[in-house]
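Throughout, protein chains are lettered first and strands after them, A, B, ... in sequence-line order, and every chain is numbered starting at 1.
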Protein chains: 2
Amino acid sequence: MTIEEQSKDEILSEIFKALSEPNRLKMIRTLNESDKEITCGEMSEILKLSLSTVSYHAKTLREMGLTNTRKEAQTKYLSVNRQTFKKYLPGFLDSL
Amino acid sequence: MTIEEQSKDEILSEIFKALSEPNRLKMIRTLNESDKEITCGEMSEILKLSLSTVSYHAKTLREMGLTNTRKEAQTKYLSVNRQTFKKYLPGFLDSL
DNA sequence: TTATTACTTCGATAGTTATAAAACTAATGA
DNA sequence: TCATTAGTTTTATAACTATCGAAGTAATAA
């Protein structure tokens, strides 16, 4: 295994850890299937989770580069970051 | 989300959990890159982990259907289960 | 300024997990 | 039978994580 592969394993396993939590995977599926951005409050209603829990998961997904965040006034709009998936899990979003 | 997708999410998140542990991901990479089966003892040397820890991880991977196990006398030979990857993460092994 | 909205962070808790040593099991061989 | 080999399970521990309520922050509106 090369040095590059070692760090790729680390990045990949962190991405997998982010996706291993069922509610986070649901968030990705929801964002992937949506034709528009979704706010944290909307996600809270869709997943029947408290806003603080959604915020916690959203932070994890954002920090792993799996989602984009656009802030407009107090509202945060979430969307899936297709580039990251394309780079590390090509084809995954299409198979989801 | 349909009922089928719900259970697919659960299976997928369990697969991701299995792959989110760096040593298990290394085991999959090692098996994927090998042209022959690998024993638990060999894996223990390759990953510098105790045999009990390798056995513990091997069990997780086997139970998720990510590896095959072939027993010959006392020895267990591990290999990657390509069908499971093809079904749930098509293209992943090639991109690994 | 005060209130409201939308989200984040803190704090506490309950549950999960990775690790290895020790004990155990099963197969082979002397 | 006894010893060796290969792997599993048990046990204990230390570390991590998901959850939510409460408190905090920042932007807007009255």
Discussion item. According to side chain to side chain donor-acceptor pair (under 3.5 Å), who are the partners of A:S50, at least two apart in sequence or on a separate chain?
Written reply: A:S52, A:T53
Fill in: DNA chain D: 5'-proximal contact among A:N23 and A:A73 (nearest heavy atom)
A:N23
Worksheet item: Does the side chain of A:D9 reach to within under 4.5 Å of the side chain of B:P22, using non-hydrogen atoms?
Response: no
Worksheet entry | Any residue meeting side chain to side chain donor-acceptor pair (under 3.5 Å) with A:Q83, in chain and number order, not counting sequence neighbours | none
Worksheet item: Quick one: ring-ring contact (aromatic ring centres under 6.0 Å, His included) pairs with a partner in residues 52-80 of chain A, sequence neighbours left out?
Response: none
Practice prompt. Nearest whole angstrom, please: distance from the C1' of D:dA18 to the CZ of A:R24.
Written response: 8 Å
Practice prompt. Determine whether B:M27 and B:I38 fall in the same hydrophobic cluster, where Ile, Leu, Val, Met, Phe, Trp and Tyr are linked whenever their side-chain heavy atoms lie under 4.5 Å apart.
Written response: yes
Item to complete: Report whether B:L31 and B:L51 are members of the same hydrophobic cluster (ILVMFWY, side-chain heavy atoms less than 4.5 Å apart, transitive linking).
Response: no
Worksheet item: Less than 4.0 Å between a side-chain N and a carboxylate O, is that true for A:E10 and A:K8?
Response: no
Worksheet entry | Sorted by number, the residues of residues 14-22 of chain B with heavy-atom contact under 4.0 Å to DNA chain C | B:K17, B:E21
Worksheet item: For the pair made of CZ in A:R70 and P in D:dA27, what is the distance, rounded to whole Å?
Response: 16 Å
Item to complete: Starting from C1' on D:dA6, measure out to CG on B:L78 and report it in whole angstrom.
Response: 12 Å
Practice prompt. May I ask you to check whether A:R62 and A:N68 show a side-chain donor-acceptor distance below 3.5 Å?
Written response: no
Worksheet entry | B:T30 side-chain N/O to B:K26 backbone N/O, donor-acceptor pair under 3.5 Å | yes
Give me, pair by pair, the N or O atoms of the protein and of nucleotides 7-9 of chain D that are less than 3.5 Å apart, along with how far apart they are.
| from | atom 1 | to | atom 2 | distance (Å) |
| --- | --- | --- | --- | --- |
| D:dG7 | OP1 | B:C40 | N | 3.3 |
| D:dG7 | OP1 | B:K76 | N | 3.3 |
| D:dG7 | OP1 | B:K76 | O | 3.4 |
| D:dG7 | OP2 | B:G41 | N | 2.9 |
| D:dT8 | OP1 | B:K76 | NZ | 2.9 |
| D:dT8 | OP2 | B:S55 | OG | 2.5 |
| D:dT8 | O5' | B:S55 | OG | 3.2 |

Item to complete: Give a yes or no on whether the ring-centroid distance for B:Y88 and B:F16 is below 6.0 angstrom.
Response: no
Worksheet item: First and last nucleotide of DNA chain C in contact with chain B, 5' to 3', at under 4.0 Å to a heavy atom: what are they?
Response: C:dT17 to C:dT28
